[in-house]
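Structure, as structure tokens:
All chains are named by letter (A, B, ...) in the order of the sequence lines, taking the proteins before the strands, and each is independently numbered beginning at 1.
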2 protein chains.
Amino acid sequence: MADVSMPIGVLARSAGCKIQTIRYYEGIGLLPAARRTAGSQRRYGETHRQKLAFIRHARELGFSLPAIRELLALADQRESDCAEADRIARRHLESVNRRIAMLDGLRTELELMLTHGQGNRIRDCRVIATLADHRLCSQSHHAEATDS
Amino acid sequence: MADVSMPIGVLARSAGCKIQTIRYYEGIGLLPAARRTAGSQRRYGETHRQKLAFIRHARELGFSLPAIRELLALADQRESDCAEADRIARRHLESVNRRIAMLDGLRTELELMLTHGQGNRIRDCRVIATLADHRLCSQSHHAEATDS
DNA sequence: CTAAAACCTCCAGTCATTGGAGCTTCAAGC
DNA sequence: GCTTGAAGCTCCAATGACTGGAGGTTTTAG
Ligand SMILES: [Zn+2]
Ligand SMILES: [Zn+2]
Ligand SMILES: [Zn+2]
Ligand SMILES: [Zn+2]
């Protein structure tokens, strides 16, 4: 609890992010503005530390900043129903599942391309041939990824 | 074979991409500059069509533009050894595998968060609680994704 | 009081496109 | 040959989520 008035560098280390990231979050209104010293330097307290930890953890879990903005607002409504928060998480899970499915398709094709020994000429290379002609692919693998 | 002199819109439709994308590829030197009409409009032939198809297919398979640039150069060396092309594809496959592993981790955490019924208050919501405290996570899920 | 570490603001760049403004050219029908 | 609408042109800005740098100021330990 010696962090009643942390400078930004200490906060950044505690959150495991860059100083610029914190200023960026403040700039877009995701993290409330810090109080300033007489010389305009930011000083943070426990509330800021918790909010930033929440943001960073959500980012690690792949949530987008707009989604995190909503989640942060919801987190402050302690007595409200959590359906909306759950909906956001579920939507993100679906997006993660779609991306996994897409990458699985890519993996299949890449592995297929690479099923040939060493010492080939380019004109016999399955990697190059496949890239030049989708008919050598085993699937459609037509990609489209959306985020939460 | 009536495409000896395609305007850009026809080429774009044949490749399934936007007109701007083609001009962008030309701008960064990925696709060779097209010949122009007296009025400066681009006209394409079969070679361009094939190169663009190669690029688009590689993009669908998740290769980065720098990687595609190398692959295109290699594709023209028909008698060279294909080891380098294979290496690029293998590196990309590894990156895809890393991303799948990461997303699998995220999926696990998101599913865990969502294991609670409806009608909860925010203060009892596992989604919000998990985001606020990584100790509720089952794994480290510390993300880092690199592309080919 | 000095010096260096930490901080400040503002701007540009990343990646692979995409969209738009404002203008010109092409091609088909009359 | 002329009109007209579709298609093309260049240049610039925006996307998401940061990251890096220039150039200057503040803090703090010694
Ligand atoms: Zn090969
Ligand atoms: Zn394919
Ligand atoms: Zn809930
Ligand atoms: Zn966690």
Quiz item: Closest nucleotide of DNA chain D for B:Arg36 versus for A:Arg56: which of these residues is on the 5' side?
Solution: B:Arg36
Quiz item: Do the rings of B:His57 and A:His134 sit parallel, tilted or perpendicular, given the 30° and 60° boundaries?
Solution: perpendicular
Quiz item: At under 4.0 Å, does any side-chain N or O of A:Tyr25 touch on OP1 or OP2 of D:dA17?
Solution: no
Exercise. Report yes if a side-chain nitrogen or oxygen of B:Arg42 is closer than 4.0 Å to either non-bridging phosphate oxygen (OP1 or OP2) of D:dG8; otherwise report no.
Key: no
Practice problem: Rounded off to whole Å, could you give me the CD-to-P distance for the B:Glu26 and D:dG8 pair? | Solution: 14 Å
Quiz item: How about B:Glu79: does its CD atom have over 12 heavy atoms from other parts shown lying under 6.0 Å from it?
Solution: yes
Atom pairs under 3.5 Å: protein N/O with N/O of nucleotides 2-5 of chain C:
none

Self-check item: Shortest non-hydrogen contact between A:Arg43 and A:Ala34, atoms and distance
Solution: O-CB, 3.6 Å
Quiz item: When you check the phosphate oxygens OP1 and OP2 of D:dT27, does a side-chain N or O of A:Thr37 lie under 4.0 Å from one of them?
Solution: yes
Practice problem: Look at the side-chain N and O atoms of A:Lys18 and state whether any lies under 4.0 Å from the OP1 or OP2 oxygen of D:dG20. | Solution: yes
Quiz item: Under a 4.0 Å N-O cut-off, is there an ion pair linking A:Arg49 with A:Glu46?
Solution: yes
Quiz item: A:Ser64 side chain N/O closer than 4.0 Å to the phosphate oxygens (OP1, OP2) of D:dG16?
Solution: no
Quiz prompt | Heavy-atom closest pair, residues A:Ile22 and A:Cys17 | solution = CG1-SG, 3.8 Å
Quiz prompt | Lys/Arg N to Asp/Glu carboxylate O, B:Arg23 vs B:Glu26, below 4.0 Å | solution = no
Quiz item: Between A:Arg59 (CZ) and D:dC18 (C1'), how many Å, whole number?
Solution: 9 Å
Practice problem: Please tell me which of A:Ala38 and A:Arg23 maps to the more 5' nucleotide of DNA chain D, matching each residue to the nucleotide holding its nearest heavy atom. | Solution: A:Arg23
Exercise. For A:Tyr24 and D:dG20, give me the distance from atom OH to atom P, rounded to whole Å.
Key: 15 Å
Quiz prompt | Which residues share a salt bridge (Lys or Arg N to Asp or Glu O under 4.0 Å) with A:Arg56, sequence neighbours left out | solution = none
Self-check item: Between D:dA7 (C1') and B:Leu11 (CG): distance, integer Å
Solution: 14 Å
Practice problem: For A:Arg13 and C:dA6, give me the distance from atom CZ to atom C1', rounded to whole Å. | Solution: 10 Å
Exercise. Find the distance B:Ile19:CD1 to D:dG8:P and express it as a whole number of Å.
Key: 4 Å
Practice problem: Report the nucleotide, chosen from C:dA6, C:dC26, C:dA16, that has the shortest atom-to-atom distance to any side-chain atom of B:Leu65. | Solution: C:dA16
Quiz prompt | Interatomic distance where CD1 belongs to A:Ile28 and P belongs to D:dT15 [whole Å] | solution = 12 Å
Quiz item: Can you tell me how far C1' of C:dT24 sits from CD1 of B:Ile8, to the nearest Å?
Solution: 15 Å
Quiz item: Taking only side-chain nitrogens and oxygens of B:Arg43, does any of them come within less than 4.0 Å of OP1 or OP2 of C:dT25?
Solution: no
